[in-house]
A.B. asks: 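I have a structure I would like to understand better, so I am pasting it below and will then ask my questions one at a time.
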Amino acid sequence: MDIHKFKPRGIILLKKLSSNMTPTQTVTLSFLVIILIGAILLKIPFSQTESAGPISFLDCLFTATSAVCVTGLVTVTTATSWSFFGKIVILILIQIGGLGLVAIITYLGIHLGKKITLKERLTIQTAFNHTDFHGMVRMVMFVIRGTLICEGIGAFILFWGFFTDGVGVLTSFLYAIFHSVSAFCNAGFDIIGAQSLIPFASNVLINIPIMLLIIIGGIGFSVWVDFIHNIKNHFSMKTKRRWKFSLHTKLVLITTGLLLFTGTAYFLVAEHGNSQLWGNGGFGEALLKAMFQSVTLRTAGYATIDQASLSETSKFISGIFMIIGGSPGGTAGGIKTVTLAVVICSVWSVIKGRYTIDVFHKNIPLQLLQKSLTIIIIMTVLLSTGTAILTFTEHNNAYSHLTVDLFFEVASALGTVGLTTGITPFLSSQGKFLLILCMFIGRTGPISILISLSKRGEVANNNIRYPKEDILIG
């Protein structure tokens, strides 16, 4: 058999399903298909432990959605409810959800000698939220290889972190692999127990690598490419150039840095009386926990302090951080850092009396501001509506909670974070289904969902220009 003519069944199936679909619809469908397959696999008794008993299909669907949408919210404890096979299924779902089914199938197709068509390149562009479809094949190769390298290095360091903390060799090895993949993909799943990383809250060899994996996975793959390109040009003997990052990279790094610094400073000050944060370890341990809390709110979902111990104000602030999320084109969810940066830059331009949005001697098109405002408004409406619905569905919930806890839960789902104050396992069936929808929308993006539901080929006529007329605002 000629290997160059061989086509995996997955590629053939995806090609048939996507033949009459737009790239956005294809990406959305791929997530739905993987979620459904994952739920079915988790429902198999072989995937569940005997002690957990029969797990309902809704809980299996919830877990599969949380894994594929790299969230981390769970209705059953991952460590004790799923067998080794079940944990492998979850790990694979996390990896596929972080990179995207389209990218993985493309990577396999390339190695089997398959030629990537123009439509497939456009689909990859949509999956990575990239502005240009040129170089998409190289982008896929770079992302997959870079991901495996980062996860491999992370696993190696985490192994020593767990092993030096008294965990057995085999368990440390399994912990290292699972949590390295989960952290890089910003999933937040753990196989330690119900307490997440709280037992290892003071271990630097575990906390620092996980924080770095979360940040690297969450800043976006296009930032990776820009970094490598600048490093090559700067250190090359032939083309030695000054550092020249794109506007996108600058906005990602500055916004991410400000959010991380602000979050760390806030929790250090606002939670000064919280024994979970300020324990017996002094300022050093408190700083490490505050840093981790700030980083994990970037859509990771791991916890080194009990989220229920936070004050009501801190829970609300955490919800805001979670809904902002990570950066475009990566493994993170939420509104995204660049979306927020564009709106802030626009506000600053209005204050300065400018009619254009100019940043670092570059102009941001009005269309990007419109898209940014659309995303923020839709996500705000979804957050408010979701909280209101949960307030109704969980009115008689046996688990003691406040409205801010439900706000925290919805923000965690929409931002694909995975943090919870403890109510997730006690949610009603309606509440679980609502969070499933929130996680899916948060991972694929609200605009992508709306485009996927719209009629194929329905495009507005941008050539029509109507007369302008001033209105009163403010």
Side-chain angles (χ1 to χ4, degrees), residues 27 30-31 34-35 37-38 42 63-74 78 82 87-105 107 127-129 139-140 142-158 174-192 196-197 206 209-224 256 292 295-303 322 325-334 336-337 412-419 439-440 442-445:
V27 173
S30 69
F31 278 101
I34 293 301
I35 288 171
I37 293 174
L42 290 176
T63 303
T65 304
S66 185
V68 174
C69 297
V70 290
T71 305
L73 287 173
V74 292
T78 307
W82 306 108
K87 292 183 179 74
I88 293 295
V89 170
I90 292 173
L91 186 64
I92 293 173
L93 292 177
I94 291 171
Q95 190 72 88
I96 294 175
L99 295 175
L101 178 64
V102 174
I104 293 175
I105 289 179
Y107 182 80
F128 284 137
N129 196 19
M139 179 79 165
V140 169
F142 173 76
V143 167
I144 299 292
R145 290 170 180 171
T147 296
L148 294 177
I149 291 172
C150 289
E151 291 175 349
I153 295 173
F156 177 78
I157 300 174
L158 286 175
L174 296 175
Y175 277 7
I177 294 176
F178 191 96
H179 296 104
S180 180
V181 174
S182 183
F184 178 84
C185 292
N186 283 210
F189 274 82
D190 74 87
I191 53 174
I192 297 171
S196 188
L197 293 177
I206 293 176
I210 285 181
M211 282 192 281
L212 289 175
L213 286 168
I214 291 169
I215 294 171
I216 293 171
I219 60 175
F221 301 126
S222 58
V223 175
W224 290 17
T256 300
F292 194 95
V295 171
T296 197
L297 291 174
R298 300 268 59 72
T299 81
Y302 284 121
M322 288 192 290
S327 301
T331 59
K336 305 292 170 53
T337 55
S412 182
L414 282 173
T416 67
V417 180
L419 290 174
M439 289 188 286
F440 185 75
R443 181 64 182 95
T444 56

A.B. asks: Can you name the side-chain hydrogen bond (donor to acceptor under 3.5 Å, both in side chains) partners of S182, sequence neighbours left out?
C.D. replies: Y302
A.B. asks: How close do A155 and A176 get, counting heavy atoms only, and between which atoms?
C.D. replies: O-CB, 3.1 Å
A.B. asks: For S412 and L73, work out which heavy atoms get closest and say how close.
C.D. replies: OG-CD2, 3.9 Å
A.B. asks: Ignoring hydrogens, what is the shortest heavy-atom contact between I157 and P209? Give both atom names and the distance.
C.D. replies: CG2-CG, 3.4 Å
A.B. asks: Using only atom types and a distance under 3.5 Å, with no angle test, would you say the side chain of T296 pairs donor to acceptor with the backbone of F292?
C.D. replies: no
A.B. asks: Under the side-chain hydrogen bond (donor to acceptor under 3.5 Å, both in side chains) test, which residues partner T65, sequence neighbours left out?
C.D. replies: none
A.B. asks: Grab the two heavy atoms, one from C69 and one from I35, that are nearest each other, plus how far apart they are.
C.D. replies: SG-CD1, 4.2 Å
A.B. asks: Checking I191 now: which residues fulfil side-chain contact (heavy atoms from CB on, under 4.5 Å) with it, not counting sequence neighbours?
C.D. replies: T78, K87, Y175, F178, H179
A.B. asks: Side chains of S30 and I96, heavy atoms from C-beta outward: is any pair under 4.5 Å?
C.D. replies: no
A.B. asks: Answer yes or no: is there a donor N or O on one side and an acceptor on the other, between the side chain of W224 and the main chain of I219, under 3.5 Å?
C.D. replies: no
A.B. asks: Output all residues satisfying side-chain hydrogen bond (donor to acceptor under 3.5 Å, both in side chains) with T337, sequence neighbours left out; order by chain, then residue number.
C.D. replies: S327
A.B. asks: Decide yes or no for T71 and V417: does some side-chain heavy atom of the first lie under 4.5 Å from some side-chain heavy atom of the second?
C.D. replies: no
A.B. asks: Looking only at heavy atoms, which two atoms of E151 and C185 are closest? And how far apart?
C.D. replies: OE2-SG, 4.0 Å
A.B. asks: Please enumerate all residues that pass side-chain contact (heavy atoms from CB on, under 4.5 Å) together with F156, with sequence neighbours excluded.
C.D. replies: W160
A.B. asks: Hey, does F221 have a side-chain heavy atom less than 4.5 Å from the side chain of L99?
C.D. replies: yes
A.B. asks: Closer than 3.5 angstrom, by distance alone: can the side chain of R443 be matched with the main-chain N or O of F31 as a donor-acceptor pair?
C.D. replies: no
A.B. asks: Quick check for you: to the nearest 0.5 Å, what is the distance between I215 atom CD1 and R298 atom CZ?
C.D. replies: 9.5 Å
A.B. asks: How would you list, by chain and number, every residue that makes a ring pair (Phe, Tyr, Trp, His ring centres under 6.0 Å) with F189, sequence neighbours excluded?
C.D. replies: none
A.B. asks: Testing I88, I92, I94 one by one against I90 for a side chain to side chain contact (heavy atoms under 4.5 Å, CB included), which residue passes?
C.D. replies: I94
A.B. asks: Less than 4.5 Å apart, any side-chain heavy atom of D190 and any of L197?
C.D. replies: no
A.B. asks: Roughly how far, to the nearest 0.5 Å, is CD1 of I153 from CD1 of I216?
C.D. replies: 8.5 Å
A.B. asks: For T299, give me all partners under side-chain hydrogen bond (donor to acceptor under 3.5 Å, both in side chains), at least two apart in sequence or on another chain.
C.D. replies: N186
A.B. asks: With a 4.5 Å cut-off on side-chain heavy atoms, are T63 and W82 touching?
C.D. replies: yes
A.B. asks: Looking at every non-hydrogen atom in both residues, tell me the closest pair between S66 and G72 and how far apart they are.
C.D. replies: OG-N, 2.8 Å
